[in-house]
Amino acid sequence: MNRVEGHDKVTGRATYAAEYPVEGVAYCYPVQAEIARGRIAGVDASAALAMPGVLAVLSCEEPPELGADAEPELALFQRREVAYRGQIVAAVVADSYDDARAAARAVRVAYEPEAHDVMLRADHRGLYKPDKVNPDFPTDTEKGDVAAGLAGAQVTIDVTYTTPTMHNNPMEPHATLALWNGDGDLTLYDSSQGVSLGRDMIAQALGLPRERVRVVSRHVGGGFGSKGSPRPNSVLAALAARAAGRPVKVALTRQQMFDVTGYRTPTIQRIRVGADAAGRIAALEHEVAEQSSTLVEFAEQTATATRVMYAAPALRTAHRLVRLDTATPSIMRAPGGCPGMFALESAMDELAVAVGVDPVELRVRNDPDTEPDSGLPFSSRNLVACLREGAERFGWRDRDPAPGVRRRGRWLVGTGVASSTYPARRRPSQASAAVENGGFVVRIAAADIGTGSRTALTRIAADTLHVDPGLVRVELGDSDLPYAPVAGGSMGTASWGTAVTMACQDLLRDGKQGFADTTEAVNADAELARHAFGAQFAEVRVDADTGEVRVSRMLGVFAAGRIVDATLARSQFVGGMIMGIGMALMEQSVVDLEFGGFTNHDLAQYHLPVNADIEHVEAVWFDEADGELNPMGTKGIGEIGIVGTAAAVANAVYHATGRRVRDLPITPAKLL
Amino acid sequence: MKAFEYARAADPADAVARFRPGAMYLGGGTNLVDLMRLGVAEPGALVDVSRLPLGGVEPDGDGLRIGAAVRNSELAAHPLVRERYPVLARAVLAGASGQVRNMATVAGNLLQRTRCPYFQDVSKPCNKRQPGSGCPAIGGDHANLAVLGHSRACVATHPSDMAVALAALDARVHITGPGGDRVLAMPGLHRLPGDEPHRDTRLEPGELITAVALPAPPPGASHYRKVRERASFAFALVSIAAVLDVGADGTVADCRIALGGVAHVPWRAFHAEQALRGSRAGEDAFVRAAEAEMAEAVPLPRNAYKVPLARNLIVRTLLELAP
Amino acid sequence: MEITLQVNGVRRPVDVDPRVSLLDLLRERLGLTGSKKGCDHGQCGACTVLIDGRRVLACLALAVAQEGAEITTVEGLASGERLHPLQAAFIEHDAFQCGYCTPGQLCSAVGMLAEGGPSAVTEELAGEPELTAEEIRERMSGNLCRCGAYPNIVTAIAEVGA
């Protein structure tokens, strides 16, 4: 079946947050901090208020009333302290967008600046050990004697990899349309990956009972993590609508998104591997330095994939965090695994070169029987099958390992491989199902941010009910629907699908309606290592004179449980790999050391891959039968596609050129 | 965006008559509207010249006359341009996207402003935008800024691809204005930043480009090559327009080389050309020429890669053009 | 200022502030939210519409400068309930995920297929190049898709353009 909302999306009828038609809507435009650290001495709104169409100016001069425990990034206009350049320090509400934007420039904010620090360094004195890493993994793990393992190894690798700040950059900028009714109830049309959590956090920020807040998010123009929890636009729209006494729209600009909607932390990762001459790992250590803001501690789980991947008798992982004068980093597609596996899988390639073992074979040799860190059995693990299948399909067998020796015209050609993994978890969810008008309606506060969850849940419900999918309608994206966790962590379909399956089973029993709350079932899950695995293969060509890199072809082979819908799955895997190609070759947010924030804050300067960058990207998979996951037997598929991609490309660049680039992205400048 | 008055001019004389201090001419809008939204440009009035009768690509003696309002896409697709000035067609096609090329005019392309990140951010200093405020790019993010001809006041680059080809082709820019009509040569329309980086070109206030005239096509083979951080829809790190004519005796009879992405102007590589003329076409001469040109480069810490990149690009392109 | 546009075949007289972009006019005044705002600076292509048949960026077009123009947005591509072949092909080939770039991709593809001439990847400048996958990729590079639907977009366009 095609995407159930496909017709709406190709005709322009699919309505995104800022697009709901509302009578008398006003527009709000933020004023952003022009210092990276310091204090607001005063906000002079008089000139702005005198401009045409201006209805109100919000700032810390008259702090709007908020809840006592608002998340600090959402606690707008409560403090005079500036935590980062670009932080929202005031906002103008006006009749038209152009009026609001023009008046925002006329708001005079006087600052008392202080010296700032926006640069992550491996030797930063502020580095500390956070209590946990996102969302609740141990900060450090250690098993065996790493020092002894390294000392006794026949071959050692000791290298440092760095990844830059990256921005999610969904195509739809974060936007919110806020409406208060006469009873003080708030409705937000919001670009959200999770309306239940969104509603709860916004209610908390505003100091309202959650029953008074409704968040609607029927179509979302991508999120990739950046819409996982509410961003300041959601609270700003509510405050502005209250101040103006009218519905208010806040649509962030692309430039503002770079400042206030989160980003992937830069990382500095040191990897040490000790192995025998055959490449069998004796000791593996992965140490990470990364950043958060002074407002909120967000510690990306960068080294957690290393706890899962290879059979190392001695294994140590560690995360250290420094709080800088930056915005708070957040989730970006495959948090943890994505930057972490760039480092680990590059290091594996370096080990393969050092011991003279084929990189596919090296990974096979180090495949563990149980989860290396915990010792838990895997619910299923088919990494070796992915590597073997990929090698066969990609034509890996006759690969000459010598770097820098294949030339096609002006191009140097090389191939690379990397493994992927991502946790397969689920969270408690609710759902209802009912017979209505001769069909079936499933209701759940899930989100479809482009993953196809509306379609996948339709199929899951139809399968459970043994009816044609055409008879099933799924309603989602509304916090008034049964509670559901966010679209994130590759847990959406697993969590929601469990609830939808159980609600439909309940309906079959009842005959009219069904309801499910999966909390008990999820909490009763046996302790097992549940992960998806995969392998990416890349062929690149590098211009010998200019250092331009093109990915000629890319193949991903995945083992991610049962695949609910082949079309949707392929799009997710391929889309993840394409984002990974961007990470490998072009994506980086350039930190402005002098002023704070980022210099290249638009889509002309922050390069996402364009159509011409993507030549042949293919995904295939094994249908795994894993009974330890959920009723559908699924693992998440939204994130694993990106995980190994950057390393596969970087390893291919090494193979093509003999140049090992350990600092992403691999731009022409680094290859000249 | 600051409020402004809008008027559509009927013809060039009407446009010039409508011009007053603080006004700007609006062509395709692909850069000006962008800059107005950012607050970088704040004209009090816009005189819309996009529909002036300044279209057409026509033979002009041995050369070609291109109307100022011709859209980039029309220019690149024109049979005379494709046949006689392929380097120009290639340069235009290397720029921006299909949609932008459908909007952008020839004159607007020449007059587009730098994409230096500080110039485009009104919350930061910039000598080009606000004379005397300073140039944070020199100590900051200059990874894609100039290595040739820059000053202590400004290290911006000119972003056009088309202008690079026009500089190689000795184009002449026809101008009308309050002081009458005149012609500026390419290179020569654009100026180096010196102490006045706010002045991109030698145009005076109220002057309007009406046409670009090309002399007869130079003999020889030509090519435009652009290096960028993704395969399409990105500004050049370095680009090159080159024309090479090698005589029957194997020596270089004539050559034209212009570089993009390296300077405040489309950079005509006169040193390289001089070194090449009369020398035996081949890698040795091409390397000498490239090094002669790049000898005067003064890279900054984060854009030093542009020097070997430009050098390699000159050599590689000439090798491809040599018989 | 008072201007009159033809939007999807309908005459639309409007009184606009000179600052208003064609995109904001469509989205905020005329209720045509199919054209998307992804960057507002001509860097993403989500706002692509057809003006007099040519694909352009509505975010960089001032509404006042469009007097008399014939504008086609994604809402005007279908004939009644019958989808434009590109719309049908996009659905069939799963050429989108979140859908936010889709209207711009569609309008861009319609305009692109009507354009002639060479592109940056065309080997020979003379004559009309064949519409290969490489040509489609280059010609559609003004439309960013963060979901990475490019391969399916190319397949869908190639099918209709063949």
Side-chain angles (χ1 to χ4, degrees), chain A residues 31-35 51-52 85-86 97-99 101-102 104-106 253 255 409-410 543-551 581-582 585-588 590-615 665-672, chain B residues 1-4 31 34 36-39 42 96-98 100 115-125 134 136-144 159 225-235 237-240 302-317 319-320:
Chain A
V31 178
Q32 299 179 267
E34 296 193 1
I35 60 169
M51 287 174 71
R85 187 185 186 88
Y97 177 75
D98 289 289
D99 284 341
R101 188 164 184 172
R105 283 202 69 194
T253 65
Q255 288 86 347
R410 63 187 170 103
D543 187 297
D545 297 304
T546 66
E548 294 161 281
V549 181
R550 301 281 184 265
V551 179
I581 290 172
L585 300 182
M586 61 192 84
E587 292 191 37
Q588 65 176 327
V590 179
V591 177
D592 191 327
L593 297 179
E594 182 176 359
F595 299 104
F598 305 99
T599 61
N600 59 334
H601 55 183
D602 63 38
L603 294 178
Q605 300 178 87
Y606 184 100
H607 289 150
L608 314 180
V610 295
N611 206 320
D613 288 301
I614 305 307
E615 299 180 7
I666 307 170
T667 55
K670 292 178 189 163
L671 291 172
L672 279 164
Chain B
M1 200 182 285
K2 214 178 93 177
F4 60 88
N31 188 212
D34 163 44
M36 288 168 67
R37 195 161 288 136
L38 291 170
E42 295 194 307
S97 68
V100 173
R115 290 338 193 261
C116 172
Y118 301 95
F119 174 73
Q120 297 185 92
D121 186 342
V122 295
S123 73
K124 295 171 185 170
I138 291 171
D141 180 6
H142 51 245
N144 196 17
R225 176 85 193 280
K226 179 178 184 180
V227 177
R228 38 187 162 178
E229 286 190 353
R230 62 184 177 193
S232 186
F233 200 18
F235 291 100
L237 299 173
V238 178
S239 68
I240 180 170
R302 278 171 284 278
N303 70 4
Y305 72 93
K306 285 196 177 188
V307 178
L309 177 53
R311 174 197 173 280
N312 291 355
L313 203 53
I314 293 170
V315 173
R316 172 58 45 194
T317 307
L319 281 170
E320 284 171 9

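Letters A, B, ... mirror the listed sequences (proteins, then strands); counts begin at 1. Side chains included, hydrogens not; waters and symmetry mates left out as well; all remaining heavy atoms used.
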As an exercise: rank Gln255(A), Arg410(A), Glu34(A), Met586(A) by heavy-atom pairs under 4.5 Å with chain B and give me the winner.
Arg410(A)
Most heavy-atom pairs under 4.5 Å with chain A, out of Ser232(B), Ser97(B), Ser123(B), belong to Ser123(B)
Max heavy-atom pair count under 4.5 Å with chain B, selected residue of Asn611(A), Ile614(A), Leu608(A)
Leu608(A)
As an exercise: rank Arg316(B), Glu320(B), Arg311(B), Met1(B) by heavy-atom pairs under 4.5 Å with chain A and give me the winner.
Arg316(B)
The interface call for Gln32(A) against chain B, heavy-atom contacts under 4.5 Å, is neither
Could you tell me which portion of Tyr97(A) (side chain, backbone, both or neither) has an atom closer than 4.5 angstrom to a non-hydrogen atom of chain B?
neither
Does any heavy atom of chain A fall under 4.5 Å from the side chain of Arg228(B), the backbone, both, or neither of them?
backbone
Which atoms of Val122(B) come close to chain A, meaning under 4.5 Å heavy atom to heavy atom: side chain ones, backbone ones, both, or neither?
side chain
Tell me which of these, Asn303(B), Asp121(B), Asp141(B), Val315(B), has more heavy-atom pairs under 4.5 Å with chain A than the rest.
Asp141(B)
If I measure from the heavy atoms of chain A, does Arg37(B) come under 4.5 Å with its side chain, its backbone, both, or neither?
both
Should the pair Lys124(B)-Asp592(A) be classified as a salt bridge under the 4.0 Å nitrogen-to-oxygen rule?
yes
Checked Val610(A), Thr253(A), Val591(A) vs chain B; the most non-hydrogen pairs under 4.5 Å come from Val610(A)
Side chains of Pro117(B) and His601(A): closer than 4.5 Å at any heavy-atom pair?
no
Side chain, backbone, both or neither: which part of Thr667(A) has a heavy atom under 4.5 Å from chain B?
side chain
Heavy-atom side-chain proximity of Pro609(A) to Arg230(B) below 4.5 angstrom
no
Once rounded to the nearest 0.5 Å, what's the spacing between atom CG of Leu585(A) and atom CD of Glu229(B)?
10.0 Å
Just by modelled atom types, is the Ala143(B) backbone N or O under 3.5 Å from a matching donor or acceptor in the Tyr305(B) side chain?
yes
Part of Asp543(A) lying under 4.5 Å from any heavy atom of chain B
side chain
If you tally heavy-atom pairs under 4.5 Å against chain A, which of Lys2(B), Arg302(B), Glu42(B) wins?
Glu42(B)
Hey, what do you get for CD (Gln588(A)) to CZ (Phe598(A)), rounding to the nearest 0.5 Å?
11.5 Å
Among Ala612(A), Gly582(A), Pro665(A), single out the residue with the greatest number of heavy-atom pairs under 4.5 Å to chain B.
Ala612(A)
Show your reasoning for whether side chain to side chain contact (heavy atoms under 4.5 Å, CB included) applies to Thr546(A) and Asn312(B).
CA-CA 7 Å; Thr546(A) 66; Asn312(B) 291 355; 5.6 Å; no
Pairwise side-chain contact, Leu671(A) with Ile666(A), heavy-atom cut-off 4.5 Å (strictly under)
yes
With a 4.5 angstrom heavy-atom cut-off, could you sort out which part of Leu672(A) is near chain B: side chain, backbone, both or neither?
side chain
Taking Gln120(B) for the side chain and Arg115(B) for the main chain, is one N or O donor matched with an acceptor at less than 3.5 Å?
yes
For the pair Lys670(A) (side chain) and Gly547(A) (backbone), establish whether a donor and an acceptor sit closer than 3.5 Å, ignoring hydrogens and angles.
no
Under the side chain to side chain contact (heavy atoms under 4.5 Å, CB included) rule, what do Met51(A) and Arg105(A) come out as? Steps first, then yes or no, please.
CA-CA 11 Å; Met51(A) 287 174 71; Arg105(A) 283 202 69 194; over 6 Å; no
Is Ile581(A) close to chain B through its backbone or its side chain, or both, or neither, when contacts mean heavy atoms under 4.5 Å?
neither
Heavy-atom distances under 4.5 Å only: say whether Leu313(B) touches chain A with side chain, backbone, both or neither.
side chain
